[in-house]
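Taking it in order: structure first as structure tokens, then the write-up.
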There are 2 protein chains.
Amino acid sequence: MTSSRDVAKAAGVSQATVSRVIQGHDNVRPETRDRVLQAMRATGFRPNAQARALRTNRSHNVAVVVGRILNPLYPALLEQLGAQLFAAGYRMTIWEAEVGGEEAAMDALSQSLVDGVILTTATKPTPAITDAIKANAPIVLINRTLKGLECQQVASDNYRGACSVAEHFASGGRKRPAVISGPKGPSTIEQREAGYLNKLADLDLRVPEQYRERVTAITHQTGVDAARRLLELPEPPDAVFCANDLIAFAAMSALKERNLTPGKEVWIAGYDDVEMASWPVFDLTTVRQPIGAIAREGTRLLLDQLNGSADVPRTTLLANNLIIRGTSHRRRNEKNKDA
Amino acid sequence: MTSSRDVAKAAGVSQATVSRVIQGHDNVRPETRDRVLQAMRATGFRPNAQARALRTNRSHNVAVVVGRILNPLYPALLEQLGAQLFAAGYRMTIWEAEVGGEEAAMDALSQSLVDGVILTTATKPTPAITDAIKANAPIVLINRTLKGLECQQVASDNYRGACSVAEHFASGGRKRPAVISGPKGPSTIEQREAGYLNKLADLDLRVPEQYRERVTAITHQTGVDAARRLLELPEPPDAVFCANDLIAFAAMSALKERNLTPGKEVWIAGYDDVEMASWPVFDLTTVRQPIGAIAREGTRLLLDQLNGSADVPRTTLLANNLIIRGTSHRRRNEKNKDA
DNA sequence: GTGAAAGCGCTAACAA
DNA sequence: TTGTTAGCGCTTTCAC
């Protein structure tokens, strides 16, 4: 490993000058700079990032904490986050919450391994989180929000997104709407459930207890089971809103078992608009989250904080879009009703 | 930020002793150790990982380079890799090859930012890769292999896996097998195609040119298009082997368009056995890759190299398993034929 | 415009 | 068992 000292020797300058060239300072005579660059190339020099990080107390590394990375929403989110951070000169390290990644990320923060943390799946304000935020550490919550936490939070408006599903069901003449919700905890799930049920109530559609299913873990199997329970009822629902697309796909499996066609006897709607939702086999009505915008805004807020230009902490909610596809169909003369 | 020096002062010992306690050396009197630990807690001390990394020249960080993270195979692979590395005391940074991540990861390696690199989607020996390997840098290729590269490589045996599909098709009485292959380059794709075609030839089943489709990018749409072209032929194939599960799902979409049932008129097989393949809606015959074993073996080889106990570079191929599901069905009396 | 010198927070000889 | 000391490779005053 050649160091800046070696380069200095080779170029016949001081090590400090090499450092200036590395950083692109303009107070170096062009001729000198060229000589140094030459020497760098000749020696195959690469500045040691650890040393720089130690000196500047900046690692240019951001930790992103995710939940089960197998949910296709997260890869999409990560891709966006990675691109945003990369563009800003940061690297992204990924930490899985399920295996203690959340605490580990906070640890990394206090060890100066990462400059900031983006939490995408925070479900409760653990001591690790609240302590760090109290210490004014650069932490941003995206996707899921947490009430009463004094930090920047960015999510999509899951409540209103779910409302739009309720309206869609109602305007489509659905009389027995049901819901398959997810685990208690994640704000996303809770708000979708609340938005859907409240809006339906506004529209004079009560959702009885037996039409309210809940999976405790988001897997295909649990989704299928929940949907089966609904379909086995004496009077099955004629529309099912699912906590997310994965559950909706599972519900479609359950319909298929009974030779029911989504969009005919039973309408189905999901949430997220993961890529698969648009595949012809699924053609799923769902609510699209502005993943790109969430990632962009979250990154921006974190970088602002790192640059000291932090705004006052607030929760930003971005608008969602109902995407109507084949699993729910409005009759033609109703098209104007819900403009 | 409190440093080890602060702790030393608080505990009334030298900074070196604090360092010993941090590292768990046993040549510290228990009483002294306790005093130091006490002081650590009191001051909220966290050792600075950058400083340690600079000193030891070990970052305990491994870069994993992936391709399009949206292919569900990669999240699964990453999850396994992350768990393995975490268990060994390493963190994982993820780099996307598509946005220059491969070069960037090599850069990070030469900057001592990461201790090693795991490439999951290497398609050709770029100068960055070959130079690094020539310099004996800790680099391991998994999933995709590269001929003639002097480093540890771990993959599943895609050639033989594809052979088993060919045998399955043949023993099921398929007469007009086709293939939808993927982009040229990735060893996985090429070997699947070769294994399938060669084995079919062995079995006296030639695959004519018009039965050999190829998508240039792995997306649902390109897969649908390729499958359509096959189905529009005067005499369409009665079995299609797809480069991976994503393409197979797309082929199923194309069948559905024409009201064909996968497993009846046309058999479909994929590759990877991503989670969705087992969903009732797909119920896809496919070849399961031993993702866990690949991750485990790849991690082991990298860590060996980091510990100086490196073996001679070789390419390890792990066995794959044909998973027969609903998109291909053998008649009962043929069940024994291909034991 | 350039160099000398101090030091980021830690590890690891070496001494005692 | 503990302390002293010398750096790891860089950035950043402060002189000149």
Side-chain angles (χ1 to χ4, degrees), chain A residues 1-40 43-61 89 107-115 306, chain B residues 1-40 43-61 89 107-115 306:
Chain A
M1 287 282 97
T2 75
S3 73
S4 60
R5 214 157 227 110
D6 301 328
V7 175
K9 203 171 297 172
V13 297
S14 79
Q15 183 268 335
T17 299
V18 176
S19 185
R20 290 190 187 102
V21 172
I22 293 173
Q23 298 165 78
H25 283 190
D26 52 0
N27 53 354
V28 179
R29 190 145 41 96
E31 188 203 350
T32 314
R33 170 189 313 280
D34 287 346
R35 206 143 33 89
V36 171
L37 289 174
Q38 186 89 43
M40 284 182 176
T43 54
F45 167 76
R46 312 260 52 210
N48 182 309
Q50 305 288 2
R52 168 181 294 173
L54 173 60
R55 192 54 234 246
T56 60
N57 205 24
R58 286 306 209 90
S59 66
H60 286 272
N61 205 349
D107 235 58
L109 191 57
S110 65
Q111 293 181 129
S112 305
L113 265 172
V114 298
D115 293 340
L306 291 180
Chain B
M1 287 282 96
T2 74
S3 73
S4 60
R5 212 156 230 110
D6 301 328
V7 175
K9 204 171 295 171
V13 296
S14 79
Q15 183 269 335
T17 299
V18 176
S19 185
R20 290 190 187 100
V21 172
I22 293 173
Q23 298 166 76
H25 283 190
D26 50 3
N27 52 353
V28 178
R29 192 145 42 94
E31 188 203 350
T32 314
R33 171 189 312 281
D34 287 345
R35 204 141 35 89
V36 171
L37 289 174
Q38 188 88 43
M40 285 182 175
T43 54
F45 167 76
R46 311 261 51 209
N48 183 309
Q50 305 287 1
R52 168 181 294 173
L54 173 60
R55 191 55 235 243
T56 60
N57 205 24
R58 286 305 209 90
S59 65
H60 286 272
N61 204 350
D107 236 57
L109 192 57
S110 64
Q111 292 180 121
S112 305
L113 264 173
V114 298
D115 293 339
L306 292 180

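Letters A, B, ... are given to chains in the order of the sequence lines, protein chains preceding strands, and every chain is numbered from 1.
Side-chain contact check for Ser4(B) and Gln15(B): at least one donor-acceptor pair (N or O, by modelled atom type) lies under 3.5 Å. Under 3.5 Å, the side chains of Gln23(A) and Ser19(A) contain a donor-acceptor pair of N or O atoms.
Distance CD1 (Ile22(A)) to P (dT2(C)): 15 Å, rounded to an integer number of Å. Atom CZ in Arg52(A) sits about 18 Å away from atom P in dG9(C), given to the nearest Å. Separating the CE atom of Met40(B) from the P atom of dG9(C) is a distance of 15 Å, rounded to the nearest angstrom. If you take CZ of Arg35(B) and P of dT2(D), they are 8 Å apart, rounded to a whole angstrom. Distance Asn57(B) CG to dC10(C) C1': 13 Å, rounded to the nearest Å. In this structure, CZ of Arg5(A) is placed 10 Å from P of dA4(C), rounded to the nearest angstrom. Atom CG of Asn48(A) and atom C1' of dC10(C) are 14 Å apart (whole Å). Rounded to an integer number of Å, the gap from CG of Leu54(B) to C1' of dG7(C) is 12 Å.
When each of Ala51(B) and Val28(B) is assigned the nucleotide of DNA chain D bearing its nearest heavy atom, the one mapping closer to the 5' terminus is Val28(B). Each of Asn27(B) and Thr56(B) lies near DNA chain D, and the nucleotide nearest Asn27(B) is the one positioned closer to the 5' end.
The side chain of Pro47(A) sits closest to dC10(D) out of dC10(D), dT2(C), dC10(C). In this structure, of dC10(D), dC14(C), dC10(C), it is dC14(C) that holds the atom nearest to the side chain of Arg20(B). Closest contact between the side chain of Arg29(B) and the listed nucleotides dC10(D), dT11(C), dT2(D) involves dT2(D). Set against dT11(C), dT4(D), dG3(C), the side chain of Gln15(B) has dT11(C) as its closest nucleotide. The side chain of Ser14(A) sits closest to dA4(C) out of dC10(C), dA4(C), dC8(D).
Among the heavy atoms of the strands lying under 4.0 Å from Ser19(B) is at least one base atom, whether or not backbone atoms are also near. Within 4.0 Å of Ser112(A), counting heavy atoms only, lies no atom of the nucleic acid at all. At the heavy-atom level, Thr17(B) lies under 4.0 Å from the strands shown only through sugar-phosphate atoms. Looking at heavy-atom distances under 4.0 Å, Val13(A) makes contact with sugar-phosphate atoms alone, never a base.
Side chain Arg46(A) to base dG9(D): no donor-acceptor pair is found below 3.5 Å. Residue-to-nucleotide contacts include a donor-acceptor pair under 3.5 Å from the side chain of Arg55(A) to the base of dG7(C).
One finds no side-chain N or O of Gln50(B) lying less than 4.0 angstrom from the OP1 or OP2 phosphate oxygen of dG9(C).
Side-chain atoms of Arg33(A) do not come within 3.5 Å of backbone N or O of Asn27(A) as any donor-acceptor pair. Checking side-chain atoms of Thr56(B) against main-chain N and O of Arg52(B) turns up a donor-acceptor pair under 3.5 Å. Side-chain atoms of Asp115(B) come within 3.5 Å of backbone atoms of Ser59(B) as a donor-acceptor pair (strictly under, hydrogens ignored).
Annotation: side chain of Val18(A) is not in contact with side chain of Arg5(A) (no heavy-atom distance under 4.5 Å).
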